[in-house]
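Just below is one structure, and these are the notes that go with it.
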Amino acid sequence: QVQLVESGGGLVQAGGSVRLSCTASGRAFSYNTMAWFRQAPGKEREFVAAITWGSGSTYYGDSVKGRFTISRDSAKNTMYLQMNEMKPEDTAVYSCAATSVVIITTTPVTYEYWGQGTQVTVSS
């Protein structure tokens, strides 16, 4: 099995920046797509961003486009999410996920592996 572990969450002021990391372990990591999702209290899980592991192609949700940047370091089996110009509405538990699906998908049920999530709180 593959384990995904997020890190880097915490408290940040509105307008500030946070960088999240997601590291995979357990076996050789060769998933086609990895993604970040978030879920605020009382709300459904929301797609944030995705990246293909091979080519590095990226896709972003409308609410974060232009502010967040997803990237990966294949040698470290690690994916990153750089979050800039943060807003209070960005407050949520952020989770990383991985899937063998070739085409980038924004649907949570298509992802096979999930991390436990890391809390990000944006103060006003």
Side-chain angles (χ1 to χ4, degrees):
Q1 295 184 348
V2 172
Q3 294 81 46
L4 303 176
V5 180
E6 304 94 339
S7 63
L11 178 65
V12 64
Q13 293 180 320
S17 299
V18 172
R19 190 191 194 196
L20 303 181
S21 299
C22 174
T23 299
S25 63
R27 66 175 178 88
F29 195 73
S30 59
Y31 294 103
N32 292 315
T33 303
M34 293 186 69
W36 290 97
F37 291 83
R38 67 185 183 185
Q39 187 168 26
K43 297 183 179 180
E44 64 182 1
R45 186 171 291 172
E46 177 188 20
F47 171 80
V48 177
I51 186 168
T52 58
W53 206 251
S55 67
S57 298
T58 59
Y59 184 78
Y60 298 91
D62 291 338
S63 63
V64 305
K65 197 171 300 181
R67 298 188 297 122
F68 292 7
T69 302
I70 189 171
S71 62
R72 85 278 195 256
D73 186 334
S74 297
K76 297 181 178 180
N77 290 332
T78 300
M79 175 180 65
Y80 305 96
L81 183 67
Q82 179 67 45
M83 304 186 289
N84 300 323
E85 303 173 35
M86 299 198 72
K87 307 173 182 179
E89 52 262 44
D90 293 324
T91 295
V93 174
Y94 285 72
S95 300
C96 66
T99 181
S100 60
V101 174
V102 175
I103 300 175
I104 288 180
T105 174
T106 63
T107 306
V109 296
T110 63
Y111 286 82
E112 303 166 47
Y113 297 95
W114 290 83
Q116 294 184 356
T118 184
Q119 177 70 45
V120 175
T121 302
V122 184
S123 62
S124 59

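Count residues from 1 along the sequence.
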Report the residues that fulfil salt bridge (charged side-chain N to carboxylate O under 4.0 Å, His left out) with [X], sequence neighbours left out, ordered by chain and then residue number.
{"X": "R72", "answer": "none"}
{"X": "R67", "answer": "D90"}
{"X": "K43", "answer": "none"}

Heavy-atom closest pair, residues [X] and [Y]:
{"X": "S21", "Y": "T78", "value": "CB-CG2, 4.2 Å"}
{"X": "V2", "Y": "A24", "value": "CG1-CB, 4.2 Å"}
{"X": "T105", "Y": "T110", "value": "CG2-OG1, 2.8 Å"}
{"X": "S123", "Y": "L11", "value": "CB-CD1, 4.2 Å"}
{"X": "I104", "Y": "T52", "value": "CG1-CG2, 3.8 Å"}
{"X": "T106", "Y": "P108", "value": "O-CD, 3.6 Å"}

Does S71 have any side-chain contact (heavy atoms from CB on, under 4.5 Å) partners at least two apart in sequence or in another chain, and if so, which? Y80
Name the one of M83, M34, M79 that satisfies side chain to side chain contact (heavy atoms under 4.5 Å, CB included) with I70?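 Single pass found, and it is M79.
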Contacts of [X] that satisfy side chain to side chain donor-acceptor pair (under 3.5 Å) - sequence neighbours left out:
{"X": "T91", "value": "none"}
{"X": "Q39", "value": "none"}
{"X": "S63", "value": "R38, E46"}
{"X": "Q119", "value": "T121"}

Not counting sequence neighbours, list each pair that qualifies as a disulfide bond (SG atoms under 2.5 Å apart) and has a residue in [range].
{"range": "residues 56-124", "value": "C22-C96"}
{"range": "residues 57-89", "value": "none"}
{"range": "residues 37-66", "value": "none"}

Just wondering, do T33 and V101 contact through their side chains at under 4.5 Å, heavy atoms? no
Provide the full list of ring pair (Phe, Tyr, Trp, His ring centres under 6.0 Å) pairs with a residue in residues 88-112, sequence neighbours left out, each pair given once. F37-Y111
Let me confirm one number: the [atom1]-[atom2] distance from [X] to [Y], rounded to the nearest 0.5 Å.
{"X": "L20", "Y": "F68", "atom1": "CG", "atom2": "CZ", "result": "8.5 Å"}
{"X": "Y59", "Y": "K65", "atom1": "OH", "atom2": "NZ", "result": "5.5 Å"}
{"X": "S124", "Y": "K87", "atom1": "OG", "atom2": "NZ", "result": "14.0 Å"}
{"X": "T99", "Y": "W114", "atom1": "OG1", "atom2": "CH2", "result": "10.0 Å"}

Apply side chain to side chain donor-acceptor pair (under 3.5 Å) to residues S100 and N32 and explain how you reach the verdict. CA-CA 5 Å; S100 60; N32 292 315; 5.4 Å; no
Quick check: is V93 connected to Y113 through a chain of hydrophobic side chains (ILVMFWY, heavy atoms under 4.5 Å apart)?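 Y113 does not cluster with V93.
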Identify whether V12 and V64 are in the same connected component of the hydrophobic contact network (ILVMFWY, side-chain heavy atoms under 4.5 Å). yes
Determine whether V5 and S25 satisfy the following criterion, side-chain contact (heavy atoms from CB on, under 4.5 Å), listing intermediate values before the conclusion. CA-CA 8 Å; V5 180; S25 63; 5.6 Å; no
In this structure, are over 12 heavy atoms from other groups packed under 6.0 Å from E112 atom CD? yes
Heavy-atom count around E44 CD within 6.0 Å, excluding the residue itself: above 12?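 No, CD of E44 has 12 or fewer neighbouring heavy atoms, counting only those of other groups under 6.0 Å.
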Is a side-chain N or O of E6 found less than 3.5 angstrom from the main chain of G117, in a donor-acceptor match?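 Answer holds: yes.
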For the pair T107 and F47, evaluate side-chain contact (heavy atoms from CB on, under 4.5 Å) and give the outcome as yes or no after the intermediate values. CA-CA 7 Å; T107 306; F47 171 80; over 6 Å; no
